[in-house]
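For reference, the structure discussed in these notes is given below.
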2 protein chains.
Amino acid sequence: MEALIRRLQEFHVVEPLAVEAIEVAFTELTLPKYELLVEQGKTCRHLYFLEKGALRGFYTLDGKEVTHWFGFENDFVTSFHSFITQQSAVENIQLIEGSVLRAISKEQLTALLNRFPSVERLLRIAYENYYIRLEERYVNAHFRSAAERYEDLLARQPHIIERVPLGQIAAYLGITQETLSRVRSKY
Amino acid sequence: MEALIRRLQEFHVVEPLAVEAIEVAFTELTLPKYELLVEQGKTCRHLYFLEKGALRGFYTLDGKEVTHWFGFENDFVTSFHSFITQQSAVENIQLIEGSVLRAISKEQLTALLNRFPSVERLLRIAYENYYIRLEERYVNAHFRSAAERYEDLLARQPHIIERVPLGQIAAYLGITQETLSRVRSKY
DNA sequence: GTTGGGCTTTGACAAAAGTCAAATTACAGT
DNA sequence: ACTGTAATTTGACTTTTGTCAAAGCCCAAC
């Protein structure tokens, strides 16, 4: 639990009463590898904090799974579009390792926001952070070659290599597995 | 001014007192074509609402300007990374038409957020919306061919074709001008 | 109407990445 | 240690996109 609170306070420090309420609102759950947290077509009703483990987001395209995103320790994860609009999700989120998570429902989050303006502020700041990160990823995907993006990934998240199969990393980078394999063979 | 308030209330309705304060905080400015709203290397101190006109965000890469984004009527625009962190911007924002804008400074925005929890909520919801839109753009850029993305763009923002030179649209789609021209020649 | 500069198209070729198939390697379960 | 499956690499070939250069087109200024 401390990890979650610590991560939240990196965005914005809130009063003890709010911390308590947050602690109560999040439920711990331990799930095995391959478990689906979010399923295409279903509505995603929770926001998760990944305390330990790893997971991926993927689409199905022409019958193939295309991973477009990974989450690791201390990440907040959900299918944003689905969680926010409460419409059905267009992606799947699946554990790629046995993981420990904390979950909060949309309703509980709304209740927290109504009760504590400080939590509203925290969430606003969290969005700012996540928005900037996404923007960076977007620009990278747009303006850099496969090789550059791979080196970037290695520099930022070296652990990803040991924890995720190559095909999924390739999809994340927006290239095929074979191309990535060739990029790697040239160091 | 009504356009700005109307757009804001689409996110979240706030009390009259907050509306008044928002109206006071935003300054109207009219600027000519080619004017730079944000300059690479300088800190972006304002958030803008584009009331009338059009603009683009661009990077310089190997001495060339690469447009990665457009803004039109009723868009909120700023160099997010720079505005939020108050570090120097990595991109430029330039008017591509003479435009009417409303600007609010970082300090004024912070003051509004401290005074009105309802504005904090409004901003949080605005971020949710903008985050989802960016995510969509990201997935599109990642998983669709040049031709598909062009058709998408035509469907969503048909006016862009008349208002923006082809080379900039191509950059926005992540392809060269020549490739886009060839895509178009096949209807 | 002519001129000149930006914008767009076209052509020829090069480079990057994709596809399909086969070969190799890694590794979990027995 | 052996086996079988999944993951990764390699090869041959195709498709897509990029690059560079040369027209062609549009339109505003003279």
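A, B, ... follow the sequence lines: proteins, then strands. Residue 1 opens every chain.
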Judged by nearest nucleotide, the residue sitting upstream toward the 5' end of DNA chain C, B:Gln168 or A:Gly174, is B:Gln168

Taken to the nearest whole Å, CG/A:Leu180 to C1'/D:dT10 is 14 Å

Pair A:Thr67-A:Arg56, side-chain donor/acceptor within less than 3.5 Å: yes

Looking at B:Lys106, is its backbone amide N or carbonyl O close enough to the side chain of B:Thr110 to form a donor-acceptor pair, meaning the two atoms are under 3.5 Å apart? yes

In whole angstroms, the gap separating P of D:dT16 from CD of B:Gln177 amounts to 21 Å

Among C:dT8, D:dT9, D:dT19, the one nearest any side-chain atom of B:Thr176 is D:dT19

Residues 9-24 of chain A side chain polar contacts: donor-acceptor under 3.5 Å, at least two apart:
residue	atom	partner	partner atom	Å
A:Gln9	OE1	A:Val14	N	3.1
A:Glu10	OE1	A:Arg7	NH1	2.9
A:Glu15	OE1	A:Ser118	OG	2.9

Here the distance between atom P of C:dA17 and atom CD of A:Glu148, to the nearest Å, is 10 Å

Taking five pairs at each terminus, the helix from C:dG1-D:dC30 to C:dT30-D:dA1 shows an axis bend, to 10°, of 40°

B:Ile175 atom CD1 is separated from D:dT17 atom P, nearest whole Å, by 7 Å

Rounded to whole Å, CD1 of B:Ile161 lies from P of C:dC7 at a distance of 15 Å

Exercise. Check whether any side-chain nitrogen or oxygen of A:Thr179 sits under 4.0 Å from OP1 or OP2 of C:dG18, and answer yes or no.
Key: yes

Is B:Arg184 positioned over the aromatic face of B:Tyr150, cation under 6.0 angstrom from the ring centre and no more than 45 degrees off axis? no

- Query: Do A:Phe58 and A:His68 have their ring centres less than 6.0 Å from each other?
  - Reply: no

B:Ile169 CD1 to C:dC7 P, in whole Å, measures 12 Å

query: With a distance cut-off below 6.0 Å to the six-membered ring centre and an angular limit of 45° from the axis, does B:Arg133 pair with B:Tyr130 as a cation-pi contact?
result: yes

Are the side chain of A:Thr85 and the backbone N or O of A:His81 linked by a donor-acceptor pair below 3.5 Å?
yes

Quick tally for nucleotides 20-30 of chain C: nucleotides whose base has a protein heavy atom under 4.0 Å get B, sugar-phosphate-only ones S, the rest -, giving BB---------

Taken to the nearest whole Å, OH/A:Tyr150 to P/C:dA17 is 15 Å

Between CD of B:Glu162 and C1' of D:dC27 the distance, given in whole Å, is 17 Å

* **Whether A:Asn114 side chain and A:Ala111 backbone form a donor-acceptor pair below 3.5 Å** => no

Worked check of ring pair (Phe, Tyr, Trp, His ring centres under 6.0 Å) between B:Phe70 and B:Tyr172:
CA-CA 8 Å; B:Phe70 296 102; B:Tyr172 171 72; 5.4 Å; yes

Side-chain contact check for B:Leu166: nearest option of C:dT9, D:dT8, D:dT19 is C:dT9

